Asker: 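Take a look at the following structure, please.
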Amino acid sequence: MSSFNPLPAEAANKIASYAILDDPKHIDIEIGQAEHRIKLINSWQIPQGSKVLEIGCGQGTTTAVLAEAVGPNGHVDAVDPGPPDYGAPFTLAQAQAHLSAGPVGDRITWHNAEPVKFLGDNPGQKWDYVVLAHCIWYFDGPDTLDKMLAALKGRAAKLLVAEYALTAREKAAVPHVMAAIARATLEAHNKGSEANIRCLLGPLNIKDAAKRGGWELEKEDVVVPEVGLLDGSWEIGTVKSKWFLGEIDKYIKDVTLRTTLLSAREAVIGAVGLLDGEKVRTMDVWVSRFN
């Protein structure tokens with residue numbers, strides 16, 4: 001393994017091009033996603049030549065940046081239990097196949113598997129780093145994280161985690177924090193949910209889970225996303241939509257809880273209104289490193 005060399009910010013344009021299929025209008029979105037993940041990986045200081053296990057890789061947004069960071073002598077095992085036909089505008093299978101056919105494809109091995117089972121099926125395999133980047137909120141519940149972190153102990157030298165911090169250093173990101181709480185509250189009452197916010201674990205809870213799993217916190221920091229990271233806008237838009245009202249009608253029968261969720265939606269709309277036309281932002285991201 002070589003020494004750590006930070007990825008330059010301008011590498012985002014090149015990495016974003018790896019992820020674009022046949023729809024160049026999405027290039028600005030992909031650049032914003034790549035810029036954010038370059039910040040994460042530089043904070044983690046992953047050197048070239050590293051062997052990385054990525055949990056919850058999805059369509060490969062972080063995977064592409066990891067593959068660029070580890071270089072031609074490194075490798076990324078990317079694991080996700082999601083159905084290959086999940087995702088939009090491109091499915092997991094489409095996006096992953098496209099990355100595999102590109103410049104860093106030979107540095108990635110995709111595994112469509114439940115992560116704990118994957119570890120059990122590959123007992124002798126170890127990595128330099130295991131990465132959980134913006135995937136914990138997809139988990140069904142906090143017990144899923146506990147099982148995963150316990151299973152990962154001893155399989156990698158370092159555990160690297162990035163998840164939303166539930167704080168907003170930028171005023172324009174406050175509505176995103178509120179929208180995330182509203183979404184998580186709703187999805188908690190839909191046990192069949194495949195939404196991207198199901199288990200709202202903040203940094204304190206994640207650190208507690210890591211400690212129970214035998215991991216010791218080495219370093220933590222907060223990254224303030226740039227305006228190009230649109231996750232906050234997407235989540236806020238979901239809560240403001242008629243779809244959110246329909247989901248409340250479908251899943252929430254308790255009158256008091258219905259009222260609370262409707263008020264949460266009203267609060268999000270009000271917080272956006274107070275921005276006086278300023279573009280909404282994505283909330284802070286907590287970045288941590290454990291050994």
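What you see is a predicted model; the values in this text were computed from it and never measured.
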Asker: Identify the residue among Met178, His176, Lys240 that makes a side chain to side chain contact (heavy atoms under 4.5 Å, CB included) with Val272.
Answerer: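 The passing option is Lys240.
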
Asker: Under a 4.0 Å N-O cut-off, is there an ion pair linking Lys158 with Glu218?
Answerer: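 Salt bridge: yes.
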
Asker: Find out if a path of hydrophobic residues (ILVMFWY) with successive side-chain heavy-atom gaps under 4.5 Å connects Tyr18 to Ile41.
Answerer: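 In one cluster: yes.
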
Asker: Ignoring hydrogens and geometry beyond distance, is a side-chain donor-acceptor pair present between Thr282 and Asp231 at under 3.5 Å?
Answerer: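 No donor-acceptor contact under 3.5 Å links the two side chains.
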
Asker: So which heavy atom on Trp44 is nearest to which on Val287, and how close?
Answerer: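 In this case the closest contact between Trp44 and Val287 is NE1-CG1, 3.3 Å.
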
Asker: Ala184 and Leu200: which non-hydrogen atoms are nearest, and at how many Å?
Answerer: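 Closest approach of Ala184 to Leu200, heavy atoms only: CB-CB, 3.7 Å.
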
Asker: Are Val280 and Met283 linked, directly or through other ILVMFWY residues, by side chains that come within less than 4.5 angstrom of each other?
Answerer: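 No, Val280 and Met283 fall in different hydrophobic clusters.
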
Asker: Give me the one residue out of Val224, Leu166, Val177, Val223 that meets side chain to side chain contact (heavy atoms under 4.5 Å, CB included) with Asp284.
Answerer: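 That would be Val224.
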
Asker: Nearest 0.5 angstrom please: Gln94 CD to Gln96 CD, how far?
Answerer: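 Gln94 atom CD to Gln96 atom CD measures 11.0 Å (nearest 0.5 Å).
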
Asker: Pick out which of Asp121, Asp77, Asn122 makes a side chain to side chain donor-acceptor pair (under 3.5 Å) with His111.
Answerer: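 Filter result, single survivor: Asp77.
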
Asker: Would you say that more than 12 heavy atoms from the other residues, nucleotides or ligands in this model lie under 6.0 Å from the NZ of Lys117, or not?
Answerer: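 Open: at most 12 neighbouring heavy atoms sit under 6.0 Å from NZ of Lys117.
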
Asker: Can you name the nearest heavy-atom pair linking Leu274 to Lys171, along with the distance?
Answerer: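 Nearest pair, atom of Leu274 first, then Lys171: O-NZ, 3.9 Å.
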
Asker: Give a yes or no on whether Tyr138 and Val161 share a hydrophobic cluster (residues Ile, Leu, Val, Met, Phe, Trp, Tyr; joining criterion: side-chain heavy atoms under 4.5 Å apart).
Answerer: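 Looking at the clustering, Val161 is in a separate group from Tyr138.
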
Asker: Taking all heavy atoms of Pro175 and all of Leu275, pick out the closest pair and write down the distance.
Answerer: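 Closest heavy-atom pair between Pro175 and Leu275: CG-CD1, 4.2 Å.
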
Asker: Taking atom NZ of Lys253 and atom NE2 of His189, what is their separation to the nearest 0.5 Å?
Answerer: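 Answer for the NZ-NE2 pair, Lys253 versus His189, is 12.5 Å.
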
Asker: Using a strict threshold of under 4.0 Å (side-chain N to carboxylate O), is an ion pair present between Lys191 and Asp140?
Answerer: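 Salt bridge between Asp140 and Lys191, a charged N being under 4.0 Å from a carboxylate O: no.
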
Asker: Looking at side-chain heavy atoms only, is the closest gap between Asn196 and Glu235 below 4.5 Å?
Answerer: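 A side-chain contact under 4.5 Å exists here.
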
Asker: Determine whether Thr63 and Trp110 make a side-chain contact, defined as any pair of heavy atoms from C-beta on separated by less than 4.5 Å.
Answerer: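 SC-SC contact between Thr63 and Trp110 confirmed.
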
Asker: Nearest 0.5 Å, what's the CG-CD1 distance between Leu66 and Ile15?
Answerer: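 Leu66 atom CG to Ile15 atom CD1 measures 9.5 Å (nearest 0.5 Å).
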
Asker: Work out which heavy atom in Ala12 is nearest to a heavy atom in Glu35; give both atom names and the distance.
Answerer: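 So the two residues come closest at CB-CG, 3.4 Å.
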
Asker: Counting only heavy atoms not in Lys211, do more than 12 sit closer than 6.0 Å to its NZ atom?
Answerer: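 Result for NZ/Lys211: open.
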
Asker: Please report the interatomic distance CG(Asp128) to CG(Leu160), rounded to the nearest 0.5 Å.
Answerer: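 These two atoms lie 10.5 Å from each other.
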
Asker: Just wondering, are more than 12 heavy atoms of other shown residues or ligands nearer than 6.0 Å to NZ in Lys207?
Answerer: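 Correct, the count exceeds 12.
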
Asker: Looking at Glu187 and Arg198, is there a salt bridge between them, counting it only when a charged N and a carboxylate O are closer than 4.0 Å?
Answerer: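 No salt bridge links Arg198 with Glu187.
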
Asker: Working note: Asp249 + Arg258, criterion side-chain contact (heavy atoms from CB on, under 4.5 Å); need CA distance, chi angles, decisive distance, verdict.
Answerer: CA-CA 8 Å; Asp249 287 339; Arg258 285 172 58 89; 3.0 Å; yes

Asker: Say you draw a straight line from CZ of Arg183 to CZ of Arg265; how long is it, rounded to the nearest 0.5 Å?
Answerer: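 The CZ atom of Arg183 sits 13.0 Å away from the CZ atom of Arg265.
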
Asker: Rounded to the nearest 0.5 Å, what separates atom CG in Leu149 from atom CD1 in Ile206?
Answerer: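 One gets 9.0 Å once the value is rounded to the nearest 0.5 Å.
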
Asker: I'd like to know whether Thr62 forms a side-chain contact (heavy atoms from CB on, under 4.5 Å) with Glu54, so could you lay out the CA-CA distance, the side-chain angles of the two residues, the decisive distance to 0.1 Å, and finally the verdict.
Answerer: CA-CA 9 Å; Thr62 302; Glu54 182 192 1; 3.4 Å; yes

Asker: What I'd like to find out is whether the side chain of Ile38 reaches to under 4.5 Å of the side chain of Glu68, using heavy atoms alone.
Answerer: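 Answer no - side chains too far apart.
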
Asker: List the steps and the verdict of salt bridge (charged side-chain N to carboxylate O under 4.0 Å, His left out) for Glu226 and Lys39.
Answerer: CA-CA 10 Å; Glu226 302 293 339; Lys39 285 186 177 182; 2.9 Å; yes

Asker: Assert yes or no for the condition that the ring centre distance of Tyr164 to Trp137 is strictly below 6.0 Å.
Answerer: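 Yes: the rings meet the under 6.0 Å criterion.
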
Asker: Are Leu257 and Ile248 joined in one hydrophobic group, where the rule is that I, L, V, M, F, W and Y side chains link up if heavy atoms are under 4.5 Å apart?
Answerer: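 Leu257 and Ile248: one cluster.
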
Asker: Between the side chains of Asp80 and Tyr86, does any donor sit under 3.5 Å from an acceptor?
Answerer: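 Side-chain D/A pair, Asp80 to Tyr86: absent.
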
Asker: Same cluster or not: Ile108 versus Leu92, using hydrophobic residues (I, L, V, M, F, W, Y) connected whenever any side-chain heavy atoms lie under 4.5 Å apart?
Answerer: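 No; Leu92 is not reachable from Ile108 via cluster members.
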
Asker: Assess whether side-chain contact (heavy atoms from CB on, under 4.5 Å) is satisfied between Leu53 and Gln125, documenting all intermediate values.
Answerer: CA-CA 10 Å; Leu53 171 63; Gln125 194 165 358; over 6 Å; no

Asker: Check the pair Gln45 / Arg289 against side-chain contact (heavy atoms from CB on, under 4.5 Å), numbers first and verdict last.
Answerer: CA-CA 10 Å; Gln45 299 187 346; Arg289 179 178 170 120; 4.1 Å; yes

Asker: Do Asn205 and Pro142 come within less than 4.5 Å of each other through their side chains, counting heavy atoms only?
Answerer: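 Asn205 vs Pro142: side chains apart.
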
